[in-house]
Amino acid sequence: MPHRREIFKHAEKLGFGELHFKIDHDTQLFAIIAIHNLKRGPALGGCRWRDYDNTGDAIYDALRLARGMTFKSAISHLPHGGGKAVILRPKKPIEDKEKYFQSFAEFINELNGTYITAADSGTTVEEMDIISKYTKYVTSTSKIGNPAIYTAHGVLRGIQAAVKFKLKKDSLKGLHITIQGVGQVGYLLAKSCHELGATLTVSDITPELTERCKKEFNATVVPANKIHAIKSDVYAPCALGAILNHNTISDLQSPIIVGSANNQLAEMSDGHLLHRLGILYAPDFVANAGGVIQASAKYYQDSEGQIIHKIDGIYDTLMTIFERSEKTHKSTSDIADELALEILEHE
Ligand code: NAD
């Protein structure tokens, strides 16, 4: 975390933008909305609601995530900029949840449509439904449906692109796929891969979830801390961030990594290391964009067919990244950033 006095410097370095704060003593709402970039349209990004050790950590999280959303929206050709909301969960239970999120919705309204909120870690459709009573600048409500279905579809398309590029195969039949985390996205991904003829090995810290995969897809179950080191054709991290780091990368035995987890690389240099090792890494913000593509499309009332068509575009975007990486000898993570910046600049 940067020193509190450095927040402005840090924000400037990341290319911000705006930082908005709301303190509502009546409801105990302490919220931050970070808007990184509005060039492509209103900033779309989820609302985190969680404990933070201090305000500096919360601001830093909002800045980091909002910037990530600018890149994710640009590379997915969405008409959105990048933003994120962070609400610091109060130590004591809140007395009136409706009023608390009403206050947050009013905060969003004060920004005149420059920020559109959505569910994220700690918030669900339940909170989005409350917010939607007080502002129109919200998506991922219960009417809109579960984004995990669309995220999982995008990751599947990412796996298909990587398999085509690296293994020269058009099908997942007979391939071995390892999935870390079989929660919402991981489970749906496992289901699709199984239906397409892949063999699965899975891990999760919740035994019921791995048991479900064993029963339904004949998956092999391994301990949570072992999955990354299992030999497979594709490793799909669908649980935690920073899973690709200097400790884990040396254990990897998969030529391809495509998963839904956000911020999989602990450091940018880990992307370079994967490249040097000849491991094809699908940059997370490209592969896991299915959910935000759906949220944006629903906001603008696209049809289901249009949504799937847009998510299928993840295949082509990744192919472009893989080809450019091969041609320029740069890591796929660097190429994805470059491409997002080019789209931001010129499109
Ligand atoms: P989830 O909470 O439903 O699933 C995550 C799973 O990972 C849980 O089952 C959890 O028990 C498991 N897990 C936690 N620590 C683990 C460990 N050390 N080893 C193995 N498993 C572990 O979340 P989700 O919605 O499926 O999202 C998965 C990941 O994808 C998250 O990182 C999320 O931020 C990211 N993501 C999700 C979406 C979406 O639409 N849900 C969109 C973009 C990115």
Side-chain angles (χ1 to χ4, degrees), residues 45-48 65 68-69 72 75-76 118-125 128 139-140 142 144-163 172 175 177-196 198 200-214 216-217 219 221-222 224 227-228 232 234-244 254 256-265 281-298 304 307-308 310-315 317-318:
C47 168
R48 287 213 161 170
L65 294 164
M69 289 309 297
K72 194 185 277 204
I75 208 145
S76 307
D120 201 303
S121 168
T123 54
T124 63
V125 290
M128 295 305 124
T139 180
S140 66
S142 57
I144 283 175
N146 185 356
I149 300 165
Y150 301 88
T151 304
H153 180 69
V155 175
L156 176 71
R157 298 298 285 139
I159 290 176
Q160 289 169 327
V163 162
L172 302 190
L175 296 187
I177 299 179
T178 39
I179 305 180
Q180 177 176 39
V182 278
Q184 297 192 74
V185 178
Y187 168 77
L188 293 166
L189 178 66
K191 187 170 190 287
S192 301
C193 293
H194 170 71
E195 285 165 3
L196 293 171
L200 300 174
T201 298
V202 300
S203 77
D204 201 289
I205 51 172
T206 309
E208 300 86 75
L209 297 179
T210 47
E211 275 311 302
R212 180 168 68 158
C213 291
K214 187 173 169 183
E216 293 181 22
F217 315 133
V221 177
V222 296
I227 188 90
H228 68 279
S232 69
V234 179
Y235 166 44
C238 297
L240 314 160
I243 188 64
L244 303 171
S254 312
I256 293 171
I257 302 172
V258 188
S260 73
N262 280 314
N263 303 317
Q264 289 168 35
L265 300 173
Y281 167 64
D284 46 22
F285 70 91
V286 185
N288 73 12
V292 76
I293 294 173
Q294 179 241 11
S296 164
K298 286 278 185 185
E304 190 64 17
I307 297 174
I308 296 298
K310 283 184 182 168
I311 296 173
D312 283 340
I314 289 174
Y315 183 103
T317 305
L318 283 172

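Residue indices begin at 1 and follow the sequence shown. Keep in mind that the numbers below use all heavy atoms, side chains included, and drop hydrogens, waters and symmetry copies.
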Strictly distance-based, threshold 3.5 Å: is any side-chain N or O of [X] a donor or acceptor partner for the main-chain N or O of [Y]?
X: Gln264; Y: Gly259; result: yes
X: Ser296; Y: Ile293; result: no
X: Ser76; Y: Lys72; result: yes
X: Ser232; Y: Thr201; result: no
X: Ser203; Y: Ile227; result: no
X: Asp204; Y: Leu209; result: no
X: Gln184; Y: Pro147; result: no

Can you tell me how far [atom2] of [Y] sits from [atom1] of [X], rounded to the nearest 0.5 angstrom?
X: Leu240; Y: Asn263; atom1: CG; atom2: CG; value: 11.5 Å
X: Leu244; Y: Tyr281; atom1: CG; atom2: OH; value: 6.0 Å
X: Asn146; Y: Leu188; atom1: CG; atom2: CG; value: 7.5 Å

Give me the atom names and distance for the closest heavy-atom approach of [X] to [Y].
X: Gln180; Y: Tyr235; answer: OE1-OH, 2.7 Å
X: Ile314; Y: Ala287; answer: CD1-O, 4.1 Å
X: Tyr315; Y: Arg157; answer: CD1-O, 3.5 Å
X: Thr151; Y: Asn288; answer: CG2-O, 3.8 Å
X: Arg48; Y: Asp120; answer: NE-OD1, 3.1 Å
X: Ala282; Y: Leu318; answer: CB-CD2, 4.0 Å

Less than 4.5 Å apart, any side-chain heavy atom of [X] and any of [Y]?
X: Leu200; Y: Cys193; value: yes
X: Ile144; Y: Met128; value: no
X: Cys213; Y: Thr210; value: no
X: Ile177; Y: Leu172; value: yes
X: Tyr187; Y: Glu216; value: yes
X: Thr178; Y: Ser254; value: yes
X: His153; Y: Asp312; value: yes
X: Ile308; Y: Tyr150; value: yes

- Message: I'd like to know if Lys191 pairs up with Glu195 as an ion pair, taking the criterion as any Lys NZ or Arg NE/NH1/NH2 lying under 4.0 Å from an Asp or Glu carboxylate oxygen.
- Response: yes

